[in-house]
Amino acid sequence: MLILDCPCCGVRGEETEFHSGGEAHLKRFGPGSSDDDFHGYLFEKVNPKGVHFERWRHVNGCGKWFHAARCTMTLEVFGTYSAQTLEPPQEIKDKITAKRPGWSWREFS
Amino acid sequence: MKRYSAFAVAREALRYHMGWERAWASPEPKKKYDVIIVGAGGHGLATAYYLGKNFGITNVAILEKGWLGGGNTGRNTTIIRSNYLQDPSAAIYEKSRSLYETLSQDLNYNVMYSPRGVIMLAQTEHEVRGYKRTAHANALQGVSTEFISPQRVKEIVPIINLDGPRYPVLGGLWQARAGTARHDAVAWGFARACSAMGMDIIQKCEVTGVSRDGGKVTGVTTNRGDIACDKLGIVVAGNSGHLADMAGFRLPIESVSLQALVSEPIKPCMDCVVMANTVHGYMSQSDKGEMVIGGGTDGFNSYTQRGSFHHIEETVRALVETFPMVARLKMLRQWGGIVDITGDRSPILSKTPVDGVFINSGWGTGGFKATPGSGWGFAELIAKGHSPLCDEFSLTRFKEGRFIDESVAAGVAH
Amino acid sequence: MSTRLATGGRLLNKSRTMGFSFNGKQLKGVEGDTLASALLANDQMLVGRSFKYHRPRGIVASGGEEPNALVGLGEDNKFEPNQRVTTTELFDGLTCTSQNHWPSLEFDVGVINSKLFARFLPAGFYYKMFIHPRPLWKHVYEPFIRQSAGLGKAPRDRDQDTYEHFYAFYDVVVIGGGVAGLQAAKAAGLAGAKVLLMEQDPHWGGRAPVDGGTIDGQDPQAFVDATLSELESMSNVTLRNRMMGAGVYDHGYVLGYERVNDHRPTAKGPRHRLWRIRAGQIITATGAIERPLSFAGNDIPGVMLASAVRDYVVNYGVSIGDRTVVVTNNDDAYLTAITLKEAGLEVPVILDARASGGGALADRAREMGIRVETGKGIASVKGNKRVEGVAICAQAGEGAVLEEIKCDAVAMSGGWSPVVHLWSHCGGKLVWDEAEAMFRPDPEKAPTGDTGEGFVIAAGAANGQFALGDALTDAQKAGEAAAKATGHKGKAGKAPAGEAPAYAAIEPVWMMPQGANIKLRMKAWLDFQNDVKVSDVQLAAREGFESVEHAKRYTTLGMATDQGKLSNINGLAILSDALGQAIPQTGTTTFRPPYTPISLSSIAGNAIGDTFQPIRKTPMHDWHEENGAHWEPVGAWRRPYTFQKPGESVEDAVTREIKQTRDSLGLLDASTLGKIIVKGPDAGKFLDMLYTNMMSTLKPGRCRYGLMCGENGFLQDDGVVARIDEDTFLCHTTTGGADSIHAHMEEWLQTEWWDWKVYTANVTEQYAQIGVVGPNSRKTLEKLTDDDISAEGLTFMGWKDITLDGIPARVYRISFSGELSYEISVPASRGRALWDRLVQAGEEYGVTPYGTEGLHVMRAEKGFIMIGDETDGTVIPQDLMMHWAISKKKEDYLGKRAQEREHMADPNRWKLVGLETTDGTVLPDGAYAVADGTNANGQRNVQGRVTSTYYSPTLDRGIAMGLVHNGPDRMGEVLDFPKVDGTIVKAKIVDQVFFDKDGEKQNV
Amino acid sequence: MSNAAVSALNGATVQGFARVEETGLHGMITLRGDLASAKVKKAVKEATGQDVPALRTINTGDSGAVAWMSPDELLVMVDYDQVDDTLATIESTLAGEHFLAVNVSDARAMFRVSGSGAGVREALAKLCPVDMAPGEFEPGMFRRTRMAQIPAAIWMPDAECVHIVCFRSVAEYTFNLLRDAVAEGGEVGLFS
């Protein structure tokens, strides 16, 4: 039963206040994109054993979407951050590096 | 392989059971095999078994990082049914169900297949229409099901509460020849048979890499050395993405934790399986007398074999409402397993971008019932390059938009 | 025989006797008794039968680890099977019955399993038998096995007690109220942490008051009392007894199972309260459990754990027998011998398997005149339903009998195992402690929480610190560490000095005697409830079930209701020995919640009856209820399917409603339709991305029907969009879509187009919405308003704000039935009032409220699609021939790219058409149209399916819509639709609009 | 037959160890916009006499209250018959801004649980995964959360009372939850 800190309203809430939205930092491919790009965008998941970046919505709360960096093996939460960004904030990446040296996730590391 | 029978048991009893031989050998890995199966769960062992039985391929190793049958094979709620809507699903699940009918005899191992029947309750008009559609489809697919009345449901399941304050039972989709089996026995029976055919089941052998020559697989590296092979079958529910990663491709799969629980054992009170999908609960009674209850999946990726408690709560809530008599039973044990969920929630039995590598994954929450059928089809795919049971479940279907979506009937859970 | 002693019983209030019944026998106990102690006080040692062999079973323990003594408690709607007597507090009027026997506890036919067949039923026998002939498994063997298995009776009635949940938050949660738990809580509390201390028993102090020794020179009880009152005085500490730590979950989540009223079943309030606690740190001070010894006949009633024998004498003033033989491999059991002797009972001999014998306590025992035999053990126990004596042998040998001693009880001790369950639930690892022969928590490998740091600390005996002094010091350390970890650095005080006689080293004894022959091994029990013996585990090993999980599952060792609390360690020691490997190599099975079973009701909490799930109700719900509504659950809502008049069938009611609506006037409660306001300079651009058609060109005052797809391309929702003003739109969704579509909008706005200036608000429940439908709808409304809603004043697909009988309303002139029709939207709190007005005003036209079925039939007569019928998550708008609603001008919309994929762009898809049976009957729901031949898997080929099918009262014939392979190009073709019974229904492909093709009815 | 506005449960009440009552109709406006902007501050002030509340708080006064819902959303509360005027005030003050102000008075139901401070805290702690302990949740705070199976917002106007706002359609469910939570004999004795 996870606890998450909503970066939008500051609540440190239990999982049941939130709704998981799957993999974060998806780049949308629309009309004109290649089959591979579209397939990658919609279906191919990193589904990592370890460091993961995912989307959450504070559905029973402020209703805002945000991102979380989490370990899928230990469920450790490295941090949560705004959904209005194209990549994880440096301080969160640094924190992960300190705890999981040599980590990488898609183009991030 | 010494045959099992009542006479054998009696004979051994007189020798205080000192004469039983090992159910399966535990050999050292050879340098090379024709086929390596990664994952000695039910599906992996069944694949090996049918490779030998149907295609005479017995130079096979089944590699298991832990103990055989220790993954989802030994963690599920043992439900076997084939009342699926879409043709490809109905085909493989019905093949599987029919193999279960005679599996104890085929394997000379009592897997306790119990065709006690499965009811899926219809509790909304939408579910009624969905299940009637399924019944029509099943009739054309050679799957014997019928849509039954609430009164008939009550006759079959006397302990059910037909008119809960929330959702009345409007009927049900009934498959009389569906049922349950002893999950461990399925793995053990296949393992014993594979071992008897001279296949090597190598436990505590973790695959750490997949070796390739150009686009073709040449073998695997493991914590017990490198092992070469011509063909590689990956059957590692919960770790499929991980293994695919080693082989150099990505899957349309997410891994999540699925939970289940059992009550303390009580005398027989329910002789079939009931699934109530509207309220998210399903239940059967094991031969030991425990009420076996399936829970929900976590919404987030996880490789812990634990889950969040509120899914247990949601399921138990539904069952107390549907079967009021369980209220004063106690939860004996809860556990979790890691399941692979695909883009359309149907499995993947397919060739891969790597020549010689085949993947069997994505069974989501419903893999146990498919064990023999999946093994049958996947063995054919590995041996011949294609199989009618598998062709529709190819990796490429997502790119083409050729979904096999079972949730369309009535949000049917597995 | 077991009986109540004249003296002793520290937990009893002997002045208050309580009557109870066991198998109908009226018995007496006293306040403070557990059901177990009360039964023993009445010499009721035999309390049940084992699972497999139906062997006689007696009480072996005094706590939650009890495997045997399970009864059916209470009657009717209070009946509870498998209730553990050792943890059941006695109350006046308690009734219970023993389990798993027929016809009676004393004479159980099932026992022949044991007498005749035991040797034919070894571990896993059922995997090797009952294979032929095939049908017999389901119809003969399995029913027999199920009947003889299963322990307690199934309850029959609905539970009448209440249950609830409770959310609590603490820095430190201490589980276990023994001296270690008390000390740990005190330390953490003093340091300033907010602490919860929970104890599963009604009383505090755990074993210490029974086991003796001194704390700071005083009797342990004095320490317990003093510490309790100190903790009670601390505002930052909460004490809770009768509350078990049931499970530890990720991120410091703890389940506390509080048995509020089990001991006073007539009291008001919940029976159980399930605490969902979030803890910064968890201290498991859960003590240790004594292990049995594995000797032949160790399952005969009267053989009991040495510590339990002690507990019953000291806590409950009950003697298990007059002559008790003590058998042990450690010093602890000597305490029992001494206690018995002090109570004036006989201890003919202490059998100490250790050649070297014991320490200080052994000397003390000798001084008291107790015979002590070292290097000796029990070859076998005499007796059947009750111990009659023991045969002594050398532990080193194979069981040759040296001497037989008469006794009526045996107190056994195989050493102690820390209770590591809660430590392990969430991934805490264990280490094997060779010296103490036990698994204990590995402090280096604690379970980790959301920060990645450990959040569980084991303390006292649960941490392998058995000596009183060590336990207290360890607990102090744990309390301080937990406080520190949660940011509290206050002075934590220091641990008191605990003094107790030093113990000599234990010698692991996994089998007694060490070389026991097979006959003895087949009588040496490991799992008393599931009938697993030493020989079974050895058989499993021989057959290759080498993993501890295999051995467990093959023999069912540890799978009983006690989850192996007594049997697991002994079992895996036997397994390790059989495999010739060290115990840590074998490892343990996984510990799973709950620690001991918890009621399913407590998990459901108060989500039962009218609080099972929310039911959403519209403002007109009560009117519907009062007027014969036949309800249909739609999502969380209840909507009238139809309104039945007295004596009218559902079908007749639907027919009446449709006819009346088409002929004159109908009313529909459409309040459940989703209503979402989308506002901002980019609102039009946003809706153009959301809908397949163009919304930005919609004029204020006008409405447009639109389709929404997901990124997958599949049709997701539909509805009418009204443009309120330049930058405000009101989007109607399906009933089911209201919340999901609003979430869908917010998701795209927040996570993809966050720079777009758009705000949304879900105002679904702000408005009651009423459909006024039929030729007389305008006339009816005109009676209530002066505003111009004439054909010109409010044209089709227009909307207008008007006043209806003083109620501000917004009127949309839209039609889902093909009739002249208005949807009236008013504030929810005025909805019922307007509904009443309309019913009144429509009276002269014979107004008929209609339900969802009438709605569905009328839309089908007009060939309008319904989300969920024509769509099922795999259908795209193109399949439904709705190209008119897919903008060609737009470069992009959600789902457009997906619809370009090979399979979706394929011209040969199943497409929407109308279907008419050749004989006018109604096509069966969900029927498929067959094609020639079968597919590669032998399944009949199909070429289409029915998506909606109804009897049309308007046309007095069956009408249907369906998806057919290239359907629109095959008008007039007749298809075969087999019923489930195989008979064929023939239907012709026709235009999907069955009624008023030119739309004249609404065009007035 | 009156056509007056009626709240979801028309003021239903139940008495247990605390008192539960549906408090009838209240004027409520969802206001979305840039909460930091001077114009929004001005609009809120003019509408309620209150300042824009800080994160997860509520400002209350005689002429109205305003609660923090999310980084770009406020809940403005006034008398039910005031709501149109208040809406007009907000609309005019924010004219030309990018904002959304909409009347949601009828989309909501409001409840009041009163009694001993300990009692009302315990009742809510049975239903919401929120730390209701004194010091952790206090008057002035405003918390949106889950109440059993529905979303809800709670705040304490004073130490002896909790207010709950939920959707109108689930008013009866909410009432039943609270009825059970305050049932005699269910006192937890934790916060007293």
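Residue numbers start from 1 in every chain, and the chains themselves are labelled A, B, ... in the order their sequence lines are given, proteins ahead of strands. What's counted below: heavy atoms across the whole structure, side chains too, no hydrogens, waters or symmetry copies. Everything numeric here is computed off the predicted structure, so don't read it as measured data.
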Exercise: identify the closest heavy-atom pair between [X] and [Y]:
{"X": "Asn100(C)", "Y": "Lys267(B)", "answer": "OD1-NZ, 2.7 Å"}
{"X": "Ser26(B)", "Y": "Glu546(C)", "answer": "OG-OE1, 4.5 Å"}
{"X": "Asp87(B)", "Y": "Gln939(C)", "answer": "O-NE2, 3.0 Å"}
{"X": "Leu332(B)", "Y": "Pro597(C)", "answer": "CD1-CG, 3.9 Å"}
{"X": "Arg328(B)", "Y": "Asp159(C)", "answer": "NH1-OD1, 2.7 Å"}

What part of [X] gets closer than 4.5 Å to chain B, counting heavy atoms only: side chain, backbone, both or neither?
{"X": "Leu274(C)", "value": "side chain"}
{"X": "Ala246(C)", "value": "neither"}
{"X": "Thr934(C)", "value": "neither"}
{"X": "Leu539(C)", "value": "side chain"}
{"X": "Ile518(C)", "value": "side chain"}
{"X": "Asp869(C)", "value": "side chain"}
{"X": "Ala636(C)", "value": "both"}

* Check whether more than 12 heavy atoms from other residues, nucleotides or ligands sit under 6.0 Å from atom NZ of Lys204(B), and answer yes or no. =>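 Atom NZ in Lys204(B) is not packed in, count stays at 12 or less.
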Taking the side chain as every heavy atom from C-beta outward, state whether [X] and [Y] have any pair of such atoms under 4.5 Å apart.
{"X": "Pro924(C)", "Y": "Lys132(B)", "value": "no"}
{"X": "Glu321(B)", "Y": "Gln613(C)", "value": "no"}
{"X": "Glu264(B)", "Y": "Leu151(C)", "value": "no"}
{"X": "Met129(C)", "Y": "Tyr4(B)", "value": "no"}
{"X": "Phe612(C)", "Y": "Val279(B)", "value": "yes"}

Check ion pair [X]-[Y] (N to O, under 4.0 angstrom):
{"X": "Lys138(C)", "Y": "Asp271(B)", "answer": "yes"}
{"X": "Glu902(C)", "Y": "Arg402(B)", "answer": "yes"}
{"X": "Arg116(B)", "Y": "Glu142(C)", "answer": "yes"}

Taking [X] for its side chain and [Y] for its backbone only, find out whether a donor-acceptor pair lies under 3.5 Å.
{"X": "Lys330(B)", "Y": "Asn82(C)", "result": "yes"}
{"X": "Arg129(B)", "Y": "Asp925(C)", "result": "no"}
{"X": "Arg542(C)", "Y": "His17(B)", "result": "yes"}
{"X": "Asp184(B)", "Y": "Tyr554(C)", "result": "no"}
{"X": "His126(B)", "Y": "Gly635(C)", "result": "no"}
{"X": "Ser601(C)", "Y": "Ala327(B)", "result": "yes"}
{"X": "Asp250(C)", "Y": "Ser308(B)", "result": "no"}
{"X": "Arg134(C)", "Y": "Ser104(B)", "result": "no"}

In terms of heavy-atom pairs under 4.5 Å, which option from [options] contacts chain B the most?
{"options": "Gly247(C), Ala898(C), Ala927(C), Pro81(C)", "result": "Ala927(C)"}
{"options": "Glu80(C), Lys128(C), Glu543(C), Lys519(C)", "result": "Lys128(C)"}
{"options": "Phe125(C), Tyr126(C), Phe977(C), Tyr253(C)", "result": "Tyr126(C)"}

Q) Going by atom types alone, do Tyr127(C) and Arg182(B) pair a side-chain donor with an acceptor below 3.5 Å? A)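 Yes, Arg182(B) and Tyr127(C) have a side-chain donor paired with an acceptor closer than 3.5 Å.
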Contact part of [X] toward chain C, heavy-atom cut-off under 4.5 Å: side chain, backbone, both or neither?
{"X": "Asp287(B)", "answer": "both"}
{"X": "Leu261(B)", "answer": "side chain"}
{"X": "Tyr113(B)", "answer": "backbone"}
{"X": "Asn108(B)", "answer": "both"}

What distance separates Arg317(B) CZ from Thr611(C) OG1, expressed to the nearest 0.5 Å?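 One gets 10.0 Å once the value is rounded to the nearest 0.5 Å.
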*asked:* How long is the straight-line distance from CE of Met112(B) back to CD1 of Ile131(C), given to the nearest 0.5 Å?
replied: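 Ile131(C) atom CD1 to Met112(B) atom CE measures 9.5 Å (nearest 0.5 Å).
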Tell me whether the centres of the aromatic rings in Phe545(C) and Trp24(B) are closer together than 6.0 Å.
->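 Close enough - the centres of the two rings lie under 6.0 Å apart.
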Exercise for the section: Heavy-atom pairs under 4.5 Å with chain C are the metric here; pick the option from Trp335(B), Phe309(B), Phe403(B) that has the most. Expected result: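 Option with the top pair count is Phe309(B).
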